[in-house]
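Computed from a predicted structure; not experimentally measured. Ligands are counted one by one from 1 in listed order, and the atoms in each one are counted from 1 as well.
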Amino acid sequence: MKNIINKMEELNKKLKNWAIEYYENDSPSVSDAVYDGHYIELVSLESDYPELVLKETITQKIGWGINNKFTKVKHSSNVLSLDNAFNKNDLLEFNKRINNTLGISIDFKFTIEEKIDGISISLIYKNGILNKAVTRGDGTIGEDVTNNVIGILDVPKRIKYFQDLEVRGEIFMYDEEFKRINSISEKKYANSRNLTAGTIRQLDSKIMKQRKVSTFFYHLVDPENHNISSHSDSLDFIKNLGFRVNERIKLVLNIEEAFSIVKFFEESKKDLNYPIDGAVIKVDDINLWEDIGYTVKFPRFMIAYKFAEETAVTILKDIIQTIGRTGRVTYNAVLETTRIAGTLVRAATLHNADYIRELNLAVGDKVVIKKAAEIIPKVVSIHKKINNIKWIEDYECVSCSQTLIRFPNEVDQYCINENCKEINVQKLSHFVGRNAKNIIGLSIEQIRKFISLGFLTDLYSIYQLKNFKDKIVLLKGFKNKSVNKILNSIENSKSNEFYRFIFGLGIRHLGLKTSKILSKRFVNLETIRNLKYEELISIRDFGDSVSKSIIEYFKNDENNKMIDRFIEIGINMKDNSVIFSNILEGKIFVITGTLNKSRTFYKDFIESNGGNVSSSVSKNTTFILAGENPGTKKIKAEKLGIDILDELTLKEMVGK
Ligand code: IVH
């Protein structure tokens, strides 16, 4: 409990400081993604422990952005901020919430607009004359920046409409102008939003004339006063009055279409010359707005979809060493939590010591991290050097303290202590892994525990774990049922595919693909054990390192003794998959969509008929095997003129 409260307090304190830097001083020290990452962490703790929510929590605070330079103005109605969506599911949830609140289940029309990354402004007109320009401030009270806003060329100072009117929109700066000013000004701004804010929220209105800022307006306050009942009409209305309205606005019929437009905006972001960081989805029918209602902070009839950033800037808090199953050292970055591509990231790989030196990294620096879907995040560059002390590589293994070594022509450092505990843990964990013997329920933490208790020693000992069953069930966190599950999975794994065993041995440089090739081509272990270097190196995909490494592995008596024991207890040492034919030789397939049988089935099917399977479509692809909902791969293939097959056609092709 105390821990949770401490964590919440820590997050809240950081977030508050960052919010002040961002909203009040226009100079954030962390990226939006880092802020969002911490924010999401706090929100999820609060929903797990509602009874511990801090009184002063930032998640309930409406807004920021007041200092005492400008006159304060109370907004006619609160300027709310928007709830965020990060993926399709969030959008569907948004739609569902609207349905639930209204108690009906129909499609709504939505307007989709780009979310401009500038600063928000409210303009008040009286008798057709610009009366006041007010920043968002804390949402309730803003700052009167009329003197500066008057200097913005595209803001109408007079309109041909004499009823009281309030419009809201965004002040921003085009990329060229941002670059131009940043190159001549003494203070360097991290992004155009900060520069825009710094321009509007300063007292010298002459500066306004030297910097060109622009506007897009996207909201009419109290539209019913002007007899307007849809958001898209309100945009036309203000456009006709002379306000700049973004042309890239779409009206769609339902949430699915909304999502396609959001994706389209995301893809075309790179072609724009103004800053956007997402899309805003708004229920078009204004008559529904009051019924759909509000939360404390947000309207429920609009949502901001934030684009997935592939990169984020965050702080490198520590560099730590991990040891792999071959003894290879990997350095990892411990990071200030950030959100990237919709997920929270706290760690990233730094590969090896050379990589860290090339980037000139040190603990404390601000770094750029990159994460593509399903790929482990990695530190790609330095954003800002903070620590000038040079980082020094580790000389000793973190686990056994033995001196690390470098093999000739290899960049990596290795621990070569055969008794290194960590290497052993990693070896066992690799052996039981999903692509190796696929033993379910035995996690790396459990392996560590069992080794420390003497229940596990080497790979072979996994098959003797059953002898310790009585002791294991007495351990905290283990029940009869879960232990049986592990032991059954161990027994079952004895007979699974032969390549799994070869891969599981953890021979240096021998990967999953090369293990499959070995097992298919040479069929049984006896043959593989006796292969010569020349035979190995002549196989496609086998280079010098892996060939040498295989020879070395089977030259070692200890390894052979262990394998003999595996044979004795009946571990499958033979590839039983029949090579049907070589009809598909030289053909490269990409599999996509939902098929009637698993992808592994078709991969094996193609490979056992001589073909190859690749994960991405390129001009080298021969065929696409497409199931239902094939997605972008099929589209790309069509563009490249690649033939598309269904399951039946593939089977007919090989005469099955
Ligand atoms: S509508 C007054 N539409 O995003 C209505 N907001 O995260 C406010 N923003 O405070 C929401 N582009 O500063 C809306 N097309 C757009 C927007 C937009 C940028 C900003 C606005 C708002 C913030 C919410």
Practice prompt. Please work out whether the ring planes of Tyr274 and Tyr174 are parallel, tilted or perpendicular, with thresholds of 30° and 60°.
Written response: perpendicular

For atom 12 (N) of ligand 1, the closest protein heavy atom turns out to be Ile116 N, 3.0 Å

So the salt bridge (Lys or Arg N to Asp or Glu O under 4.0 Å) pairs with at least one residue in residues 232-243 (sequence neighbours excluded) are Lys239-Glu247

Discussion item. Taking the side chain as everything from C-beta on, heavy atoms only, tell me whether Tyr35 gets closer than 4.5 Å to Leu15.
Written reply: yes

Closest to atom 21 (C) of ligand 1 by heavy-atom distance, out of Phe298, Phe172, Tyr218, Phe217, is Tyr218

Among Lys115, Glu114, His219, the residue with a heavy atom nearest to atom 5 (C) of ligand 1 is His219

> Does the N or O separation between Met302 and ligand 1 drop below 3.5 Å for any pair?
Replying inline: no

For Glu113, the ligand 1 atoms with a heavy-atom partner under 4.0 Å come out as 3 (N), 15 (N), 16 (C)

Notebook entry, point to check: What do you reckon, are the aromatic ring centroids of Tyr125 and Phe243 less than 6.0 Å apart?
Noted result: yes

Is the ring pair His38/Trp18 parallel, tilted or perpendicular, if the boundaries are 30 and 60 degrees? perpendicular

Ranked by distance from atom 13 (O) of ligand 1, the top protein heavy atom is Glu170 OE1, 2.8 Å

Residues passing the side chain to side chain contact (heavy atoms under 4.5 Å, CB included) test with Glu628, sequence neighbours excluded, are Thr594

Atom 3 (N) of ligand 1: closest protein heavy atom, distance to 0.1 Å, is Lys282 NZ, 3.0 Å

